[in-house]
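These notes are about the structure you will find just below.
Letters A, B, ... mirror the listed sequences (proteins, then strands); counts begin at 1.
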Number of protein chains: 4
Amino acid sequence: MIDVIDVDTKQKLKNFVERIERLDEEKRNIADDTKDVMSEAKSFGFDLPTIRKIIRLRKMDSQKAMEEEELLDLYKQALDMA
Amino acid sequence: MIDVIDVDTKQKLKNFVERIERLDEEKRNIADDTKDVMSEAKSFGFDLPTIRKIIRLRKMDSQKAMEEEELLDLYKQALDMA
Amino acid sequence: MIDVIDVDTKQKLKNFVERIERLDEEKRNIADDTKDVMSEAKSFGFDLPTIRKIIRLRKMDSQKAMEEEELLDLYKQALDMA
Amino acid sequence: MIDVIDVDTKQKLKNFVERIERLDEEKRNIADDTKDVMSEAKSFGFDLPTIRKIIRLRKMDSQKAMEEEELLDLYKQALDMA
DNA sequence: GATGCGCTTTAAATGC
DNA sequence: GCATTTAAAGCGCATC
């Protein structure tokens with residue numbers, strides 16, 4: 001069991017924790033900004049789920065996108081959903 | 001079903017998508033910064049899982065404090081039944 | 001401010017809370033079962049994301065599924081992803 | 001790319017999908033039960049948002065208790081640096 | 001392979 | 001009562 005903790009070490013640990021918390025805060029702010037943009041898009045009549053899909057697709061390799069599609073078709077076929 | 005989009009609307013959609021992608025990019029950068037700080041902490045000999053846990057606990061603490069405050073008021077309402 | 005709370009009312013409240021917590025527990029157990037089945041499917045070589053998509057599609061009205069598809073195509077077109 | 005699925009594999013896939021759908025159904029039933037209990041509580045004059053909050057807080061409490069226990073051990077590790 | 005984290009989606013609550 | 005805003009649950013991803 002540790003009885004005494006080095007003051008310096010404690011301070012270092014505290015600093016790291018606070019730096020990370022600050023970064024987390026920034027991330028949350030950006031997430032809020034994203035929400036605002038989404039709302040704005042919605043108010044223009046755009047469909048949010050579709051916009052999300054588009055962003056996902058753009059980020060993705062087109063090769064991979066095709067393979068995903070094909071696999072889905074294959075499974076549909078197997079379940080007579082074709 | 002709508003099947004054509006005018007040029008102006010196309011541009012608007014493009015803008016929204018790009019703004020969101022930019023924000024996502026920023027978020028990723030911050031996540032990378034967090035990783036850097038984590039690595040630095042690790043190089044000082046700190047245990048990463050522990051640091052994460054501390055941060056989670058601190059977040060819970062502040063949330064809990066806020067909620068408990070409200071809860072008191074709510075209790076009055078809930079138990080002061082007709 | 002309420003100083004005293006009717007013992008009977010307290011008990012009733014407690015009972016409701018506990019019944020709900022019990023139900024939550026059951027739900028969690030079933031969610032765990034689902035995970036097990038998923039893992040088993042995976043170990044047979046099935047692709048989990050695709051299985052999820054299939055289930056979503058089966059649950060969904062086929063009319064609605066088509067509309068979703070069309071909207072996505074429309075947005076793709078607008079962003080020259082066609 | 002695979003483009004055919006043998007009969008046996010089809011059947012396996014179908015079974016997995018149906019098992020998962022069955023589990024989803026059960027979960028939905030329990031969620032309905034929860035709603036019933038909530039309604040009943042409400043008819044006794046209890047405030048639903050408050051009940052939710054109580055449950056959330058209780059869950060946080062038990063989580064927090066567990067985590068804090070572990071954290072003590074972890075701290076030793078983190079601060080007992082080489 | 002498992003755990004934690006963040007996003008998506010759906011349900012509820014409140015205000016108009 | 002409807003629609004907007006907010007909270008809870010579920011899902012998927014990334015990390016270790």
Side-chain angles (χ1 to χ4, degrees), chain A residues 20-21 23-40 42-43 47-56 59-60 64 68, chain B residues 20 23-24 26-28 30-32 34-36 38-39 42 47-57 59-60 63 66-67 70 74 77, chain C residues 20-21 23-40 42-43 47-56 59-60 64 68, chain D residues 20 23-28 30-32 34-35 38-39 41-42 47-60 63 66-67 70:
Chain A
I20 294 168
E21 285 175 338
L23 256 7
D24 283 349
E25 173 75 22
E26 286 182 42
K27 244 190 327 194
R28 238 172 294 124
N29 288 338
I30 293 175
D32 286 345
D33 289 348
T34 303
K35 282 191 152 189
D36 289 344
V37 178
M38 293 274 197
S39 299
E40 200 188 333
K42 185 183 178 165
S43 75
D47 182 66
L48 259 29
T50 306
I51 287 186
R52 288 197 184 98
K53 279 184 209 158
I54 287 286
I55 289 170
R56 180 176 177 276
K59 170 160 55 186
M60 192 171 171
K64 221 184 145 291
E68 255 190 29
Chain B
I20 294 168
L23 257 6
D24 283 350
E26 286 182 42
K27 243 189 326 196
R28 237 172 297 123
I30 293 175
D32 287 344
T34 303
K35 281 184 142 192
D36 290 342
M38 292 279 198
S39 298
K42 188 182 179 161
D47 180 64
L48 259 30
T50 304
I51 289 187
R52 279 186 239 277
K53 209 175 270 274
I54 291 170
I55 290 169
R56 194 167 55 229
L57 235 29
K59 186 155 57 182
M60 280 177 92
Q63 275 179 11
M66 288 192 326
E67 295 215 32
E70 296 173 61
L74 244 25
Q77 196 180 326
Chain C
I20 294 168
E21 285 176 337
L23 257 6
D24 283 350
E25 173 76 22
E26 286 182 41
K27 241 190 331 191
R28 234 171 298 122
N29 288 338
I30 293 174
D32 287 345
D33 289 349
T34 303
K35 282 190 150 189
D36 290 343
V37 177
M38 294 277 197
S39 299
E40 200 187 333
K42 187 183 179 162
S43 76
D47 182 66
L48 259 30
T50 306
I51 287 186
R52 282 187 235 275
K53 279 186 210 157
I54 288 285
I55 288 170
R56 179 176 178 275
K59 169 160 57 184
M60 193 172 171
K64 222 183 144 292
E68 256 189 29
Chain D
I20 294 167
L23 257 7
D24 283 351
E25 173 74 23
E26 286 182 42
K27 242 188 330 194
R28 237 172 295 123
I30 294 174
D32 286 345
T34 303
K35 281 186 146 187
M38 291 278 197
S39 300
K42 187 182 179 158
D47 180 63
L48 259 30
T50 303
I51 289 186
R52 279 186 238 278
K53 208 174 273 275
I54 290 171
I55 290 169
R56 194 168 56 231
L57 236 29
R58 280 164 64 107
K59 187 155 54 181
M60 281 177 90
Q63 274 178 11
M66 288 190 325
E67 297 215 29
E70 295 174 61

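Between A:Ile55 atom CD1 and E:dC7 atom P there is a gap of 12 Å when expressed in whole angstrom units. Between the P atom of E:dT9 and the NZ atom of C:Lys64 lies a distance of 10 Å, rounded to the nearest Å. In this structure, C:Met60 atom CE and E:dT10 atom C1' are separated by 14 Å, rounded to whole Å. For D:Ile30 and F:dG10, the CD1 to P distance is 10 Å, given to the nearest whole Å. Remark: P of F:dT6 and CG of A:Asp36 are 11 Å apart, rounded to the nearest angstrom. The CG-P distance, from D:Asp47 to F:dA7, rounds to 15 Å in whole Å. Rounded to an integer number of Å, the gap from A:Met38 CE to E:dT9 P is 9 Å. When the P atom of F:dG10 is taken as reference, atom CG of C:Asn29 falls 13 Å away, rounded to whole Å.
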Can you check nucleotides 4-6 of chain E for protein contacts, nitrogen or oxygen pairs under 3.5 Å, and list what you find?
unit_1	atom_1	unit_2	atom_2	d
E:dC5	OP2	B:Arg56	NH1	3.3
E:dG6	OP1	A:Lys27	NZ	3.4

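Residues that satisfy the salt bridge (charged side-chain N to carboxylate O under 4.0 Å, His left out) test with A:Glu68, not counting sequence neighbours, are A:Arg56, A:Lys64, C:Lys53.
Within the nucleic acid shown, D:Lys35 comes within 4.0 Å of sugar-phosphate atoms alone, with no base atom in reach, counting heavy atoms only.
Nearest-nucleotide assignment on DNA chain F puts the 5′-proximal partner with C:Pro49, out of C:Pro49 and B:Pro49. The residue among C:Lys42 and A:Leu48 whose nearest nucleotide of DNA chain E lies closer to the 5′ end is C:Lys42.
Between A:Ile54 atom CD1 and A:Asp47 atom CG the span is 10.5 Å, to the nearest 0.5 Å. If you take NZ on A:Lys42 and CD1 on A:Ile51, they are separated by 11.0 Å, rounding to the nearest 0.5 Å. To the nearest 0.5 Å, atom CD1 of residue C:Ile55 and atom CD1 of residue D:Ile20 are 4.0 Å apart. Between atom CZ of residue D:Arg52 and atom OG1 of residue D:Thr50 there is a gap of 10.0 Å, rounded to the nearest 0.5 Å.
For residues 24-35 of chain C, the pairs satisfying side-chain hydrogen bond (donor to acceptor under 3.5 Å, both in side chains) are C:Glu25-C:Arg28, with sequence neighbours left out.
Residues D:Lys59 and D:Gln63 have side chains in contact (heavy-atom distance under 4.5 Å, counting atoms from C-beta outward).
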